[in-house]
Amino acid sequence: MAIRKLRYEGDPILRKTSKEVREVTPKVLELVDDMLETMYEENGVGLAAPQVGVLKRIVVIDVGEGPLVMINPDIIKTEGEQTGDEGCLSVPGKAGTVTRPNEVTVRFMGEDGEWYELEGTELLARAICHECDHLDGKLYVDVVEGELRDTAMPEDEEE
Ligand code: ZN
């Protein structure tokens with residue numbers, strides 16, 4: 001496992017469409033492990049492969065209920081609406097208001113190569129939408145309502 005270098009807004013790779021994963025190879029699993037490690041290191045709720053410079057349709061999410069790995073995720077149903085704060089590891093130190101569905105159903109391939117369906121609500125629904133957007137080259141700053149705000153500096157900032 002290794003921490004991968006994050007890509008930040010302005011990097012053209014974040015605007016590209018990621019490719020489907022045809023097969024869960026050892027290389028794909030290594031990428032997944034590295035993405036999880038990078039997400040936890042950065043205290044993120046989710047991370048998409050293009051954010052570490054890899055144009056593959058893979059996202060990892062942990063909203064505090066354990067890690068979720070989704071390969072080739074596809075949102076097949078959405079319901080309701082929620083408006084709340086959102087941030088992104090590729091847009092550090094900022095947050096903004098975004099309206100998302102309150103409930104989503106997502107179909108995805110797991111690390112075992114099998115297909116699954118998952119229903120997520122509230123923060124998990126928001127995270128799924130946000131991360132899937134990354135796979136199509138979209139960032140939350142495209143759909144933010146109003147201005148981006150500066151977020152408070154974490155207390156352990158001084159090194
Ligand atoms: Zn993001």
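In listed order, ligands and their atoms are each counted from 1.
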To check you understand the geometry: which heavy-atom pair defines the closest contact between Leu135 and Pro73, and what is its length?
CD1-CG, 3.6 Å

Taking every heavy atom of Val63 against every heavy atom of Leu124, the minimum-distance pair comes out as CG1-CA, 4.0 Å

Looking at [Y] and [X], is there a salt bridge between them, counting it only when a charged N and a carboxylate O are closer than 4.0 Å?
| X | Y | result |
| --- | --- | --- |
| Asp34 | Arg4 | yes |
| Asp85 | Arg149 | yes |
| Lys77 | Glu79 | yes |

Donor-acceptor pairs under 3.5 angstrom involving side-chain atoms of residues 86-104: please list them, not counting sequence neighbours.
residue : atom : partner : partner atom : Å
Glu86   : OE1  : Arg100  : NE           : 3.2
Glu86   : OE1  : Arg126  : NH1          : 2.5
Glu86   : OE2  : Arg100  : NE           : 3.4
Glu86   : OE2  : Arg100  : NH2          : 2.6
Glu86   : OE2  : His130  : ND1          : 2.8
Ser90   : OG   : Arg7    : O            : 2.7
Ser90   : OG   : Gln51   : NE2          : 3.0
Lys94   : NZ   : Asp150  : OD1          : 2.6
Thr99   : OG1  : Thr83   : OG1          : 2.8
Thr99   : OG1  : Glu145  : OE1          : 3.4
Thr99   : OG1  : Glu145  : OE2          : 2.6
Arg100  : NH1  : Asp133  : OD2          : 3.0

Tell me the protein N, O or S atoms under 2.8 Å from the Zn ion (ligand 1), in chain and number order.
Cys88 SG, His130 NE2, His134 NE2

